[in-house]
Asks: 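Pasting a structure below so you can have a look.
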Amino acid sequence: MYTGIPFAFALGVCVSATPTTSTNGKSHHLTVVNPHITSPSQEDVSFVNSTHVVTWDTSTIPPENKDDTGLLLLGYLENGSENLDMNPLASDFLLVNGQVPVFVPIVPARPNYIVVLFGDSGNASPMFAIKH
Ligand SMILES: *[C@@H]1O[C@H](CO)[C@@H](O)[C@H](O)[C@H]1NC(C)=O
Ligand SMILES: *[C@@H]1O[C@H](CO)[C@@H](O)[C@H](O)[C@H]1NC(C)=O
């Protein structure tokens, strides 16, 4: 069972840090892996108490990061905050796999859910609805 506590500190750092990968010149000292989530998309409606496959684009993952693992969190956008649930939907999966099946827990129905994929940095999906 995940307590989520070990992730809390790292997460705070990730969320507040703006990824600076490809914009402000190239850094060869630090590779930031920040895969783009392709599912869930804006049109998806996910239902609770069932399994869904979250997918992301692996084309930007450099070969030297092939062993990097990810962390996937569920949150919802409200008041400009991501309101992330610290109990991961999935963790320790390989980012190069491009997908991970997750069990969607019984959470309140909302139209503004997101999943955030953490490699070295965080990348949020478009908002999607969860219905009951
Ligand atoms: C969740 O799904 C399981 C398996 O389908 C079912 O037995 C259980 O009643 C469901 N729980 C709720 C709260 O819907
Ligand atoms: C967002 O703001 C409203 C109004 O202040 C408040 O009632 C609500 O609890 C806030 N939501 C979160 C997730 O903090």
Side-chain angles (χ1 to χ4, degrees):
M1 178 177 170
Y2 295 109
T3 64
I5 302 299
F7 296 117
F9 177 73
L11 187 67
V13 173
C14 289
V15 169
S16 59
T18 306
T20 55
T21 25
S22 47
T23 45
N24 308 343
K26 306 279 183 218
S27 166
H28 296 289
H29 305 292
L30 176 68
T31 305
V32 177
V33 178
N34 190 19
H36 172 68
I37 294 170
T38 50
S39 176
S41 67
Q42 215 160 353
E43 297 78 33
D44 284 342
V45 173
S46 295
F47 293 85
V48 295
N49 197 27
S50 60
T51 299
H52 296 268
V53 179
V54 174
T55 64
W56 55 90
D57 179 15
T58 60
S59 65
T60 59
I61 300 175
E64 62 267 29
N65 291 89
K66 66 177 174 48
D67 296 325
D68 284 11
T69 55
L71 173 70
L72 190 73
L73 299 182
L74 181 68
Y76 60 94
L77 292 175
E78 194 169 288
N79 303 337
S81 166
E82 293 186 330
N83 300 295
L84 294 173
D85 183 344
M86 294 304 159
N87 291 310
L89 288 175
S91 62
D92 292 329
F93 50 87
L94 284 173
L95 288 173
V96 290
N97 286 352
Q99 61 173 54
V100 64
V102 300
F103 180 79
V104 180
I106 298 173
V107 292
R110 295 180 188 279
N112 53 350
Y113 277 103
I114 54 171
V115 291
V116 179
L117 177 64
F118 289 92
D120 300 345
S121 182
N123 193 4
S125 70
M127 281 196 291
F128 59 97
I130 288 182
K131 290 185 177 174
H132 283 184

Asks: Just jot down the side-chain contact (heavy atoms from CB on, under 4.5 Å) partners of Pro126, sequence neighbours excluded, or say none.
Replies: Gln42
Asks: Name all pairs fulfilling the salt bridge (charged side-chain N to carboxylate O under 4.0 Å, His left out) condition that reach into residues 121-132, sequence neighbours left out, sorted by first residue then second.
Replies: none
Asks: Side chains of Leu84 and Leu74: does their closest heavy-atom pair fall under 4.5 Å?
Replies: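 They are not in side-chain contact.
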Asks: Going through the checks in order, is the side-chain contact (heavy atoms from CB on, under 4.5 Å) test met by Val102 and Leu72?
Replies: CA-CA 9 Å; Val102 300; Leu72 190 73; 3.6 Å; yes
Asks: Side chains of residues 110-119: which donor-acceptor partners sit under 3.5 Å, not counting sequence neighbours?
Replies:
from   : atom 1 : to     : atom 2 : distance (Å)
Asn112 : ND2    : Leu77  : O      : 2.6
Tyr113 : OH     : Pro108 : O      : 2.5

Asks: Of all the heavy-atom pairs spanning Leu73 and Pro88, show the shortest one and how long it is.
Replies: CD2-CA, 3.5 Å
Asks: Given a cutoff of under 4.5 Å between side-chain heavy atoms of I, L, V, M, F, W and Y, with clusters grown through shared members, what are the other residues clustered with Phe47?
Replies: Val45
Asks: If a pair satisfies ring pair (Phe, Tyr, Trp, His ring centres under 6.0 Å) and one of its residues is in residues 68-92, list it, with sequence neighbours excluded.
Replies: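 For residues 68-92, and leaving out neighbouring residues, there are no ring pair (Phe, Tyr, Trp, His ring centres under 6.0 Å) pairs at all.
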Asks: Looking only at non-hydrogen atoms, find the nearest pair between Val48 and Ile106 and report the distance.
Replies: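 Minimum heavy-atom separation between Val48 and Ile106: CB-CA, 3.9 Å.
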Asks: Do the side chain of His36 and the main chain of Ser125 share a donor and acceptor less than 3.5 angstrom apart?
Replies: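 No, His36 side chain to Ser125 backbone: no donor-acceptor pair under 3.5 Å.
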Asks: Please find the pair of heavy atoms, one from Ile130 and one from Val107, that lie closest to each other, and give the distance.
Replies: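 Result for this residue pair: CD1-CG2, 4.0 Å.
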Asks: Below 4.5 Å, heavy atoms only, C-beta onward: do Leu89 and Val54 meet side chain to side chain?
Replies: no
Asks: Could I get the full list of side-chain hydrogen bond (donor to acceptor under 3.5 Å, both in side chains) partners for Thr51, not counting sequence neighbours?
Replies: none
Asks: Got a sec, which pairs hit salt bridge (charged side-chain N to carboxylate O under 4.0 Å, His left out) with one end in residues 53-62, sequence neighbours left out?
Replies: none
Asks: Sort and list the pairs that fulfil salt bridge (charged side-chain N to carboxylate O under 4.0 Å, His left out) and have at least one residue in residues 34-50, not counting sequence neighbours.
Replies: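 Sorted result for residues 34-50: empty, none.
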Asks: Drop me the distance from Thr58's OG1 to Leu95's CG, to the nearest 0.5 angstrom.
Replies: 10.0 Å
Asks: For a quick test of reading the model, state the closest non-hydrogen atom pair linking Thr60 to Pro35 and the distance between them.
Replies: OG1-CA, 4.5 Å
Asks: Applying ring pair (Phe, Tyr, Trp, His ring centres under 6.0 Å) as the test, list every pair that has at least one member in residues 81-109; sequence neighbours left out.
Replies: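 Qualifying pairs, neighbours excluded: Trp56-Phe93.
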Asks: Applying side-chain contact (heavy atoms from CB on, under 4.5 Å), name anything that partners Thr55, two or more places apart in sequence or on another chain.
Replies: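 Scan of Thr55 (side-chain contact (heavy atoms from CB on, under 4.5 Å), adjacent residues dropped) gives Thr38, Ser39, Val53, Gln99.
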Asks: Of the non-hydrogen atoms in Phe128 and Pro40, which two are nearest, and what is the gap between them?
Replies: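 The pair with the smallest heavy-atom distance is CE2-CG, 3.3 Å.
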Asks: State, to 0.1 Å, how close Val104 and His52 come at their nearest heavy-atom pair, and which atoms those are.
Replies: CG2-CD2, 3.3 Å
